[in-house]
Q: 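Below you'll find the structure I mean.
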Amino acid sequence: MPDTSFPNPGLFTPLQLGSLSLPNRVIMAPLTRARTPDSVPGKLQQVYYGQRASAGLIISEATNISPTARGYVYTPGIWSDEQEAGWKGVVEAVHAKGGRIALQLWHVGRVSHEMVQPDGQPPVAPSALKGEGAMCFVEFEDGTAGQHPTSTPRALETEELPGIVEDYRQAAVRARRAGFDMVEVHAANAYLLNQFLATGSNKRTDQYGGSLENRARLVLEVVDAVAEVFGPERVGIRLTPFIELFGLTDDEPEEMACYLADELSRRGLAYLHFNEPNWAGGDITFPEGFRDKMRQRFKGRLIYCGNYDAERAQARLDDNTADAVAFGRPFIANPDLPERLRLGATLNEPDPGTFYGGAEAGYTDYPLLDNGHDRLG
């Protein structure tokens, strides 16, 4: 039992997440940090993730499943032997400190540009529709990097989709060999799988478009392929119904979320991880009763993420709408976040200027409660 003399004790009760036992319910959210210039995690990532091993579960930064899945330079991949070996070193660093870590599997779809794609080809998407106002992250000819408007994508042919599913499956195979405890399918934030789910980005007329069931088909095929590798009890998925990002629009967000909750529950998935619709700014919220519907429909665990503090996270546990809460920016600046939350200690403030790119500064040099640091040896 947790020590109830500390604030928000429910966050520090153990949790059975699928077949994985977690020591607490403070989850580290996936955080793109753009610090792998060659797409291969190294010693810097070993330190970074190892510092944060006290999380109930670390969900890794979004990790590209193939060269064509990329929309941001300096982000890691999981399609090559070298990348697999790099991630294995990260996993070992986390496990050495008693932690648990999942790999988030990522394909950006249309949120990309020819400058990031192999051989300068256009990015791929459900339909040849550019996301209004969407930006990706590219390296320019002078060696600098920055945001750039996305390219108009080409629509994936029906016969190409089994190859996309196979890319996810192979990424899961590599993740398992690297020693990850779980994998999370990234079907959120207006990236490829979310583009297939949404009415505004999916105008297909084949079996992957039109009806709600057709638009969900690719996501479920990907989940099934990944679950064959890891077992469904070691697989989670991230979803963002109602989000407005990268020009994505959807006429049926709640209906799709309910359908997916039913289908994923039937498959025995470990968890659903919802990113709050106001994560990207604005005042959009889940409609009243949405979280209760997810609780009723999905038999696994529910995780919510988006601008949470300890008190709001505890409230989600208390009203039984969440089993755990994921924290993003607080984990950037506080590698020992669970202990700080347990004690009610002051949190370090993150430096937005070092969120993306760079090296140790703003990455592995935030102080621990005892003012110590774990550094590269």
Side-chain angles (χ1 to χ4, degrees), residues 17-23 27-70 72-107 166-186 222-223 225-238 270-271 273 326 331-332 335 358-360 363-364 374-377:
L17 190 68
S19 61
L20 191 65
S21 298
L22 309 187
I27 308 300
M28 179 174 164
L31 293 158
T32 294
R33 304 302 308 277
R35 279 174 167 83
T36 52
D38 57 0
S39 80
V40 178
K43 290 188 179 298
L44 189 62
Q45 283 69 42
Q46 292 174 23
V47 174
Y48 171 74
Y49 284 107
Q51 287 176 337
R52 291 155 177 80
S54 63
L57 175 70
I58 294 171
I59 304 173
S60 81
E61 63 204 279
T63 300
N64 304 294
I65 61 167
S66 69
T68 56
R70 300 173 69 230
Y72 301 76
V73 292
Y74 313 152
T75 54
I78 188 66
W79 69 81
S80 73
D81 291 345
E82 191 177 11
Q83 292 163 347
E84 180 184 325
W87 276 120
K88 182 177 177 64
V90 171
V91 171
E92 289 173 348
V94 171
H95 286 171
K97 294 194 173 183
R100 296 148 185 82
I101 184 169
L103 184 70
Q104 190 188 61
L105 305 177
W106 189 31
H107 192 308
E166 180 63 14
D167 286 342
Y168 276 96
R169 192 186 74 81
Q170 287 296 331
V173 168
R174 289 188 179 277
R176 183 165 184 175
R177 287 201 302 245
F180 281 96
D181 300 291
M182 305 185 85
V183 288
E184 179 177 281
V185 174
H186 194 351
V222 166
V223 166
V226 170
E228 285 179 7
V229 176
F230 262 83
E233 71 282 356
R234 295 273 176 153
V235 177
I237 188 169
R238 199 177 211 210
Y271 69 84
H273 178 188
F331 256 118
I332 288 178
E360 286 191 7
Y363 191 59
T364 58
D374 286 347
R375 291 189 176 276
L376 289 170

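By convention here, the first residue in the shown sequence is residue 1.
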Q: Please check this pair: side chain of R234 against backbone of D181, looking for a donor-acceptor N/O pair closer than 3.5 Å.
A: yes
Q: Using every non-hydrogen atom in the two residues, find where Y363 and Q51 come nearest and quote the distance to one decimal.
A: O-OE1, 4.1 Å
Q: Between H186 and A62, what is the shortest heavy-atom contact and its length?
A: CD2-CB, 4.0 Å
Q: Would R33 and I332 satisfy side-chain contact (heavy atoms from CB on, under 4.5 Å), going step by step from the backbone distance to the final call?
A: CA-CA 9 Å; R33 304 302 308 277; I332 288 178; 3.7 Å; yes
Q: Any chance you could measure T32, atom OG1, to W106, atom CH2, to the nearest 0.5 Å?
A: 4.5 Å
Q: Hey, could you give me the CZ/CD distance between F180 and Q104, rounded to the nearest 0.5 Å?
A: 11.5 Å
Q: Give the minimum heavy-atom separation between V90 and Y49, together with the two atoms involved.
A: CG1-CD1, 3.6 Å
Q: Grab the two heavy atoms, one from T36 and one from V40, that are nearest each other, plus how far apart they are.
A: CG2-O, 3.8 Å
Q: Give a yes or no answer on whether the side chain of R52 reaches the backbone of F331 with a donor-acceptor pair at less than 3.5 Å.
A: yes
Q: Quick one: side-chain hydrogen bond (donor to acceptor under 3.5 Å, both in side chains) partners of R35, sequence neighbours excluded?
A: none
Q: Just verifying a value: how many Å separate I65 CD1 and R174 CZ, rounded to the nearest 0.5 Å?
A: 12.5 Å
Q: Going from CD1 on I59 to CZ on R100, what distance comes out if it is rounded to the nearest 0.5 angstrom?
A: 14.0 Å
Q: Check the pair I27, L22 against side-chain contact (heavy atoms from CB on, under 4.5 Å), reporting the backbone distance first and the verdict last.
A: CA-CA 10 Å; I27 308 300; L22 309 187; 3.9 Å; yes
Q: Could you check whether K88 pairs with E92 (Lys NZ or Arg NE/NH1/NH2 to Asp/Glu carboxylate O, under 4.0 Å)?
A: yes
Q: Return the minimal non-hydrogen interatomic distance between P23 and G56, and the atom names on each side.
A: CD-O, 3.8 Å
Q: What's the separation between atom NE2 in H107 and atom CZ in R70, rounded to the nearest 0.5 Å?
A: 12.0 Å
Q: What distance separates D167 CG from I78 CD1, expressed to the nearest 0.5 Å?
A: 12.5 Å
Q: Using a cut-off of 6.0 Å, state whether more than 12 heavy atoms not belonging to E82 lie near its atom CD.
A: no
Q: Please determine whether side-chain contact (heavy atoms from CB on, under 4.5 Å) holds for the pair F230 and M182, giving the CA-CA distance in whole Å, both sets of side-chain angles, and the decisive distance to 0.1 Å.
A: CA-CA 7 Å; F230 262 83; M182 305 185 85; 5.5 Å; no
Q: If every non-hydrogen atom of S60 is compared with every non-hydrogen atom of P30, which pair is closest and at what distance?
A: O-CB, 3.1 Å
Q: I would like to know whether Q83 and S39 meet side chain to side chain donor-acceptor pair (under 3.5 Å); could you show each step before the answer?
A: CA-CA 7 Å; Q83 292 163 347; S39 80; 2.8 Å; yes
